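None of these values were measured; they are calculated from a predicted model.
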Amino acid sequence: MILNLGVIGTGAIGREHIRRCSHVLRHAKVVALNDINRSQCEQVNRELDLQATIYDNPDDLIASPSVQAVMVTSWGPTHEAFVLAAVNAGKAVFCEKPLAVTAQGCMNIIEAEMAAGKRLVQVGFMRPYDSGYRALKQVLEQGEIGQPLMLHCAHRNPSVGEAYTTDMAITNTLIHELDVLRWLLNDDYVSAQVVYPRKTSRASSHLNDPQIVLLETAQGVRIDVEIFVNCQYGYDIQCEVVGESGIARLPEPMSVQTRRAATLASGILTDWKQRFIAAYDVELQDFITGALAGQISGPSAWDGYAAAVAADACLAAQNSGDIVAISMPARPAFYA
């Protein structure tokens with residue numbers, strides 16, 4: 001069986017996903033493309049030899065009988081409308097983060113999906129598919145270090161462009177931790193605070209960098225996440241769990257260690273796409289398999305909503321400096 005995919009958004013992440021689905025993964029074919037810039041669709045068609053139909057109207061792509069499932073990789077503020085249209089058409093939809101730019105937007109999708117009577121939405125949070133995070137979660141679930149007490153985390157980028165703003169440290173960067181740490185601990189957040197250390201001279205005048213986000217979970221676990229997007233030295237993701245009887249750390253990406261010129265060295269990645277390349281493959285294969293079987297099982301619209309609620313609190317904490325409460329309603333049985 002082959003899943004015929006329609007892709008809305010052919011920018012950097014869209015192209016990568018189209019390449020995966022067309023040339024790496026099994027049981028998928030990209031048959032339809034849409035982008036606000038039609039020439040990008042034409043370029044992707046040529047470069048990846050797709051022969052996909054180009055739609056100038058995204059709603060026409062979603063409604064097309066030739067499209068069985070939809071992939072949304074367009075600009076974030078457009079996600080809610082496209083996902084809702086796919087759900088209303090009864091089609092499985094993979095949506096890159098954010099699911100919507102507000103928590104209410106995510107709730108609108110949840111309500112539509114529940115009205116449809118089955119899970120149709122998978123959110124593009126790839127870290128739960130990463131082998132390192134899965135190994136770390138297994139250590140916790142097996143009780144090897146006792147109950148988790150604290151987490152020390154870091155999300156570091158070598159540099160960001162002038163368009164990157166202080167709030168994007170939450171909505172574009174921390175959003176991955178907000179999802180994966182909640183999944184790792186099987187716990188929800190109850191408060192957030194943001195503090196600013198001394199600012200790096202490498203940051204733009206309008207950007208506060210680095211930032212430290214302090215989170216508390218319902219079970220009392222305390223989390224600190226360093227966000228440093230101009231660290232210069234590489235793309236570096238860290239996660240250390242302090243338990244009652246031991247410590248567990250996220251494994252480093254595999255790297256050849258060298259000994260030369262009186263130096264012991266290991267390479268550090270600089271590209272986020274390379275750091276999680278295998279996780280992206282597993283994530284999208286899971287969506288393809290689930291869509292063909294009529295049973296989506298990846299990160300859900302509820303997970304997208306939970307991340308959005310926490311992100312909203314972090315944004316409020318950025319501005320106030322206060323500890324901001326996070327209130328999550330009970331998870332619907334639909335998403336159990």
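In this structure, Thr78 contributes its side chain and Ser74 its backbone to no donor-acceptor pair below 3.5 Å. Between the side chain of Lys137 and the backbone N or O of Trp183, at least one donor-acceptor pair lies under 3.5 Å. At least one donor-acceptor pair closer than 3.5 Å links the side chain of Lys91 to the backbone N or O of Val67. Checking side-chain atoms of Ser204 against main-chain N and O of His206 turns up no donor-acceptor pair under 3.5 Å. Distance alone, capped at 3.5 Å, places no donor-acceptor pair between the Arg26 side chain and the Cys21 backbone.
Ion pair Asp187/Arg182 not flagged as a salt bridge, since none of the NZ, NE, NH1 or NH2 atoms sits closer than 4.0 Å to an Asp/Glu carboxylate oxygen. Here Arg275 does not pair with Asp236 in a salt bridge; the nearest charged N to carboxylate O distance is not below 4.0 Å.
For the 3.5 Å distance criterion, the side chains of Gln211 and Gln318 qualify, holding a donor opposite an acceptor. Side-chain contact annotation: Gln51 with Asp49, donor-acceptor N/O pair under 3.5 Å absent. Looking only at atom types and distance, the side chain of Asn108 has a donor-acceptor partner in the side chain of Gln104 under 3.5 Å away. Looking only at atom types and distance, the side chain of Arg127 has a donor-acceptor partner in the side chain of Tyr133 under 3.5 Å away. Side-chain contact annotation: Glu96 with Thr73, donor-acceptor N/O pair under 3.5 Å absent. Of the N and O atoms on the side chains of Gln43 and Arg15, at least one donor lies less than 3.5 Å from an acceptor on the other residue. Residues Asp286 and Tyr129 have side chains that bring a donor and an acceptor to within less than 3.5 angstrom of each other. In the model, Tyr233 has a side-chain atom that pairs as donor or acceptor with a side-chain atom of Arg156 under 3.5 Å. Using modelled atom types and a 3.5 Å distance limit, the side chains of Gln238 and Glu226 yield no donor-acceptor pair.
Ile54 places none of its side-chain heavy atoms less than 4.5 Å from the side chain of Asn34. In this structure, the side chains of Asp224 and Leu151 stay at 4.5 Å or more apart for every pair of heavy atoms. Within the 4.5 Å cutoff, the side chain of Ile268 has no heavy atoms near those of the Ser255 side chain. Looking at heavy atoms from C-beta onward, Phe94 lies in side-chain contact with Leu284 at the 4.5 angstrom threshold. Side-chain contact between Tyr196 and Thr166 is present, with heavy atoms from C-beta onward closer than 4.5 Å. The shortest side-chain heavy-atom distance between Met107 and Trp302 falls under the 4.5 Å cut-off. Side-chain contact check for Ile237 versus Leu250: some heavy-atom pair is nearer than 4.5 Å.
The minimum heavy-atom distance between Ile170 and Ala311, with the atom names listed, is CG2-O, 3.7 Å. Taking both residues in full, the closest heavy atoms of Val7 and Val30 are given as CG2-CG1, 4.0 Å, listed atom of the first, atom of the second, then distance. Scanning all heavy atoms of the two residues, the minimum distance from Phe334 to Lys118 falls at CZ-C, 3.5 Å. Summarising the geometry of Ala100 relative to Glu80, their closest heavy-atom pair is CB-CB, 4.0 Å, with the distance given to 0.1 Å.
For the atom pair OH (Tyr189) and CD (Glu216), the distance works out to 12.5 Å, reported to the nearest 0.5 Å. A distance of 3.5 Å separates OG1 of Thr10 from CG of Asp35, quoted to the nearest 0.5 Å.
Around CG of Leu269, the count of heavy atoms belonging to other residues, nucleotides or ligands within 6.0 Å exceeds 12. Environment of CD1 in Ile323: sparse, with no more than 12 heavy atoms of neighbouring residues, nucleotides or ligands closer than 6.0 Å. By the 6.0 Å contact criterion, CD on Gln295 is open, its count of non-hydrogen atoms from other residues, nucleotides or ligands being 12 or less.
Results of the side chain to side chain donor-acceptor pair (under 3.5 Å) test with Tyr164 over Thr173, Asn157, Asp209 single out Thr173 as the only residue that passes.
Taking the six-membered ring where tryptophan is involved, the planes of His176 and His155 are tilted, since the angle between them lies from 30° to 60°.
Ile212 belongs to a hydrophobic cluster with Val195, Leu214, counting contacts under 4.5 Å between side-chain heavy atoms of Ile, Leu, Val, Met, Phe, Trp and Tyr, direct or through other members.
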I'd like a table of donor-acceptor pairs (distance under 3.5 Å, sequence neighbours excluded) in which one partner is a side-chain atom from residues 257-267, with atom names and distances.
residue : atom : partner : partner atom : Å
Thr263  : OG1  : Ala261  : O            : 3.2

